[in-house]
Structure formats: structure tokens, C-alpha cells
Amino acid sequence: QVQLVESGGGLVQAGGSLRLSCAASGRIFSINGMGWVRQAPGKQRERVASISSSGGSPYYANSAKGRFTISRDNAANTVYLQMNDLQPDDTAIYYCNLQHASSSGTPNDFWGPGTQVTVSS
């Protein structure tokens, strides 16, 4: 099994910044990609950003482009999300997602418990 531990959420005023971290541990064989998905009350779950194992061509939701930056430390099995110019619409629970492949090539998705981000106006 793979465990994900998120940190860095909290309460911030509009225009402020937060940096989320997600560290993976456990029986890790191969990580194909890592990313962040958020869930706001009354809204659909949204994939915010993701990054492949090579780190090239990360994906960003339109709502995140220009404000959020995803990065990863492969040696530490950790992914980060730097969020700048946060707005009340960014208020949500942010979940870390890891796309894993076992030694036999079996894909599996793992999820963190989520970290709350609240942006006040």
C-alpha cells in the first residue's frame, strides 16, 4: 500500500499564498504521475494540476494557470503546489493524487485524506 500525507493548507486572505505538500510512502514501485484535485462545497471535483514522473509539461486547470505552480521531488516522492494570488473561489479541500504502477505494471490511484484551504475576502 501507498500512503499520502498532505500538509500546508490553512486560512489565508485573498491575494495571499499557500504551499501544499504531499509526501508518499509505503510500497512504492513506480510513480507515473502526481497531482492535486480539489472539491468545493456544491461544486464538481476539479483537477487543479498534475505532473508526470519526468516533470515535463505539467497540466493546469484554467482556473489555476498563471497562479499555481506544481513541482515534485522524485527522490523524496513528494509533490508541491505553490498557490499565489488566492481567491475565495479557491476555497476547497485539496486532495493529493498519485498514479502508481506495480512491478507487474498494474496501475493504481492513491489519494490523500485532503487538506482544507480557506480564502477569506
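Please read these numbers as outputs of a predicted model, since none were measured by experiment. The figures that follow rest on heavy atoms only: side chains count, while hydrogens, waters and symmetry mates do not.
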Less than 3.5 Å apart, which donor and acceptor atoms pair up between the side chains of residues 57-66 and the rest of the protein, not counting sequence neighbours?
unit_1 : atom_1 : unit_2 : atom_2 : d
Tyr60  : OH     : Ile70  : N      : 2.9
Asn62  : OD1    : Lys65  : NZ     : 3.2
Ser63  : OG     : Arg38  : NH2    : 3.2
Ser63  : OG     : Glu46  : OE2    : 2.9

Which atom pairs, donor and acceptor, lie under 3.5 Å between side-chain atoms of residues 17-32 and protein residues at least two apart or in another chain?
unit_1 : atom_1 : unit_2 : atom_2 : d
Ser17  : OG     : Asn84  : OD1    : 2.9

Side-chain donor/acceptor pairs under 3.5 Å, residues 109-116, sequence neighbours excluded:
unit_1 : atom_1 : unit_2 : atom_2 : d
Thr115 : OG1    : Gly9   : N      : 3.4
Gln116 : NE2    : Ala92  : O      : 3.4
Gln116 : NE2    : Thr118 : OG1    : 3.3

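Met83 and Ile93 fall into different hydrophobic clusters, where Ile, Leu, Val, Met, Phe, Trp and Tyr residues are linked whenever their side-chain heavy atoms come under 4.5 Å apart, directly or through other members. Taken together through direct or relayed side-chain contacts under 4.5 Å among Ile, Leu, Val, Met, Phe, Trp and Tyr, Val37 and Val119 form parts of separate hydrophobic clusters.
Applying the side-chain hydrogen bond (donor to acceptor under 3.5 Å, both in side chains) criterion to Ser53, with sequence neighbours excluded, gives no partner residue. Considering only residues two or more places apart in sequence or on other chains, Arg67 meets the salt bridge (charged side-chain N to carboxylate O under 4.0 Å, His left out) condition with Asp90. Partners of Glu6 by side-chain hydrogen bond (donor to acceptor under 3.5 Å, both in side chains), not counting sequence neighbours: none found. Under the side-chain hydrogen bond (donor to acceptor under 3.5 Å, both in side chains) criterion, Ser104 pairs with Ser102, Thr106, not counting sequence neighbours. Partners of Asp89 under the side-chain hydrogen bond (donor to acceptor under 3.5 Å, both in side chains) rule, at least two apart in sequence or in another chain, do not exist in this structure.
Within the structure, side-chain hydrogen bond (donor to acceptor under 3.5 Å, both in side chains) contacts touching residues 68-80 (residues at least two apart or in different chains) are Arg72-Asn74. Pairs of residues two or more places apart, or lying in two chains, never qualify as salt bridge (charged side-chain N to carboxylate O under 4.0 Å, His left out) while including a residue from residues 111-121.
Residues near Val5 contribute nothing to a hydrophobic cluster around it, because no ILVMFWY side-chain heavy atom sits closer than 4.5 Å to its side chain.
Two residues are said to be in side-chain contact when any heavy atoms from C-beta on lie closer than 4.5 Å; Phe68 and Gln82 fail this criterion.
With a 6.0 Å cutoff to the six-membered ring centre and a 45° limit on the axis angle, Arg45 counts as a cation-pi contact of Tyr95.
Taking every heavy atom of both residues into account, Ala14 and Ser121 meet most closely at CB-CA, 4.3 Å. The two residues Gln39 and Lys43 make their nearest non-hydrogen contact at NE2-O, 2.5 Å.
Between atom CG of residue Leu4 and atom NE2 of residue His100 there is a gap of 10.5 Å, rounded to the nearest 0.5 Å.
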Could you walk me through whether Trp36 and Cys96 pass the side chain to side chain contact (heavy atoms under 4.5 Å, CB included) check?
-> CA-CA 5 Å; Trp36 296 90; Cys96 177; 4.0 Å; yes
